[in-house]
Amino acid sequence: MERKINPVLISWNVTRACNLNCLHCYRDAGTREEDELTLEQGKKLIREIAQVGFKLIVLSGGEPLMREDIYELINYAKDCNLRVVLGTNGILITKDAAQKLKLSGTSRVGISLDSINEKSHDEFRMQIGAFRGALEGMKNCQEAGLEFQIHTTVRERNMSEIEEITDLAQNLKAKAHHIFFLVPTGRAANIKEEELKALEHEKLLRKIVEKQRKIKIELKPTCAPQFMRIAKQKGIDMRFSRGCLTGVSYCVIIPNGDVHPCPYLPIKIGNVKEKSFIEIWNDSEIFKALRTKEFGGRCAVCEYEPICGGCRARAYFHNNGDYLAEDHWCLYQPKALRKNVINHRDRREI
């Protein structure tokens, strides 16, 4: 049965150009592509996104501040009644840029910080000064009265630092700390051995959910939808209704106009230069498949599926391209399967 479509959040990677060369970049960013959406094509896309009913748009890249018309795009999205969030490495947020972002209608800025250690962050971002630049960008946002949150990509090398980064985020007066679990796509495929394994994944999610009890800022694991199951098990209220939104309430448009289910799931569904985004969102067979409950393995019978959904990108990369397969990074054994095991044992004893 197809789920009710409830558009909430959408990402547009406005450019592939970037001032960094981060080891994990899902977009393999660096150089601007010639076929990126123009200003007018971008405005048409924004109008259609608003018409579909999305409420929030994340403009990212690459590095979105390397796009000269970024402030005009932000202002246009605001005029279309969209809440605008900018995803950036923070280095280009000068005092002047922070003021422009505020005046153009940016609601919040997400700035990447992957370690409390300057050297570790700079090595991951492949740029000396990236750590100090990110902190300076946060300071400039704060002075401009512009909300910001911290984004961290978690992998084996920095998983022990996550709670400390959360504490730092709170001390810096960030509004949230969003924690992105590494998925081996783009350049991250070169460091796939650093992807958290199932037990590490579960333990860290439990720490994050428990941390939410103790702090005021919002914590949000991404590409780790099992946090919703853990929060429910622990009786902790979260403002989110579902872990993985891919194709149901969320999708991404990459710089050339291709529509993908999420930034980490590189399946082309259509291109907004060739077909309206409205038609792609409403009529795509891939989106329709993601809006059913016909997932494979444990996800198919899990009682937490309605609030979790499993990570569709991780299913894709670990099940030979089957994005509807189970997310085997989850350790949970659904009740239906436990019951079957018990019944089987009972029959054996009888």
> Considering the options Ile162, Thr222, Thr166, which one meets the side chain to side chain contact (heavy atoms under 4.5 Å, CB included) requirement together with Thr152?
Replying inline: Ile162
> In a check of side chain to side chain contact (heavy atoms under 4.5 Å, CB included) between Thr246 and each of Cys262, Pro263, Cys311, Cys223, which one passes?
Replying inline: Cys262
> Any idea which heavy atoms bring Ile217 and Ala174 closest together, and the distance?
Replying inline: CG2-O, 3.2 Å
> Which heavy-atom pair separates Ile208 from Pro221 by the least distance, and what is that distance?
Replying inline: CG2-CG, 4.0 Å
Donor-acceptor pair, distance only, cut-off 3.5 Å: does the side chain of [X] make one with the backbone of [Y]?
X      : Y      : result
Asn6   : Val248 : no
Gln212 : Leu219 : yes
Asp122 : Phe131 : yes
Asn140 : Ile93  : yes
Glu48  : Phe277 : yes
Asn256 : Glu34  : no
Arg16  : Asp28  : yes
His121 : Asp114 : yes
Thr106 : Leu101 : yes
Gln170 : Lys216 : yes

For atom [atom1] of [X], is the number of surrounding heavy atoms from other residues, nucleotides or ligands below 6.0 Å larger than 12?
X      : atom1 : answer
Asn320 : CG    : no
Lys139 : NZ    : no
Glu193 : CD    : yes
Lys197 : NZ    : yes
Lys275 : NZ    : no
Ile128 : CD1   : no
Lys43  : NZ    : yes
Lys234 : NZ    : yes

> Would Ile307 and Lys232 count as a side chain to side chain contact (heavy atoms under 4.5 Å, CB included) if you check the C-alpha gap in whole Å, the side-chain angles of each, and the deciding distance to 0.1 Å?
Replying inline: CA-CA 9 Å; Ile307 62 170; Lys232 190 170 183 65; 3.8 Å; yes
Hydrogens and angles aside, do [X] and [Y] bring a side-chain donor and acceptor to less than 3.5 Å of each other?
X      : Y      : value
Tyr332 : Gln233 : no
Ser11  : Tyr250 : yes
Glu63  : Thr88  : yes

> Can you list the steps and then say if Ile70 with Lys100 is a side chain to side chain contact (heavy atoms under 4.5 Å, CB included)?
Replying inline: CA-CA 10 Å; Ile70 189 65; Lys100 286 181 178 178; over 6 Å; no
To the nearest 0.5 angstrom, please state how far the [atom1] atom of [X] sits from the [atom2] atom of [Y].
X      : Y      : atom1 : atom2 : answer
Leu324 : Glu326 : CG    : CD    : 12.5 Å
Lys273 : Asp35  : NZ    : CG    : 4.5 Å
Leu135 : Glu118 : CG    : CD    : 8.5 Å
Glu123 : Asn117 : CD    : CG    : 8.0 Å
Cys244 : Asp327 : SG    : CG    : 8.5 Å
Leu59  : Trp12  : CG    : CH2   : 7.0 Å

Can [X] and [Y] be counted as an ion pair, charged N to O under 4.0 angstrom?
X      : Y      : value
Asp283 : Lys288 : no
Glu40  : Lys44  : no
Lys192 : Glu195 : no
Lys175 : Glu218 : no
Arg132 : Glu136 : no
Glu210 : Arg213 : yes
Arg298 : Glu305 : no

>> Test of understanding: clusters of I, L, V, M, F, W, Y form through side-chain heavy atoms closer than 4.5 Å, transitively. Do Leu92 and Leu146 belong to the same one?
In response: yes
> Quick one: do Val252 and Ile267 end up in the same hydrophobic cluster if we chain Ile, Leu, Val, Met, Phe, Trp and Tyr together by side-chain heavy atoms under 4.5 Å apart?
Replying inline: no
> Would Arg187 and His24 count as a side chain to side chain contact (heavy atoms under 4.5 Å, CB included) if you check the C-alpha gap in whole Å, the side-chain angles of each, and the deciding distance to 0.1 Å?
Replying inline: CA-CA 5 Å; Arg187 285 201 290 268; His24 68 300; over 6 Å; no
Could you tell me if the side chain of [Y] sits less than 4.5 Å from the side chain of [X], heavy atoms only?
X      : Y      : result
Leu37  : Pro255 : no
Met228 : Arg242 : no
Asp69  : Thr38  : no
Tyr316 : Asp322 : no
Ile10  : Val58  : no

Counting only pairs under 3.5 Å, give me each side-chain donor-acceptor contact of residues 75-85, with atom names and distances, residues two or more places apart or in other chains.
residue : atom : partner : partner atom : Å
Asn75   : ND2  : Ser104  : O            : 3.4
Tyr76   : OH   : Arg47   : NH1          : 2.9

>> Would you call the rings of Tyr26 and Tyr264 parallel, tilted or perpendicular, taking 30° and 60° as the class edges?
In response: perpendicular
Is the terminal nitrogen or CZ of [X] (NZ for Lys, CZ for Arg) located under 6.0 angstrom from the six-membered ring centre of [Y] and within 45° of that ring's axis?
X      : Y      : result
Arg155 : Phe124 : yes
Lys220 : Phe240 : yes
Arg291 : Trp281 : yes

> Under 6.0 Å between ring centres, would you say that holds for Phe181 and Trp329?
Replying inline: no
> Out of Arg67, Glu36, Glu33, Glu68, which residue meets the side chain to side chain donor-acceptor pair (under 3.5 Å) rule with Thr15?
Replying inline: Glu36
> What's the verdict on side chain to side chain contact (heavy atoms under 4.5 Å, CB included) for Phe180 and His151, showing C-alpha distance, side-chain angles and the deciding distance?
Replying inline: CA-CA 7 Å; Phe180 294 75; His151 293 170; 3.6 Å; yes
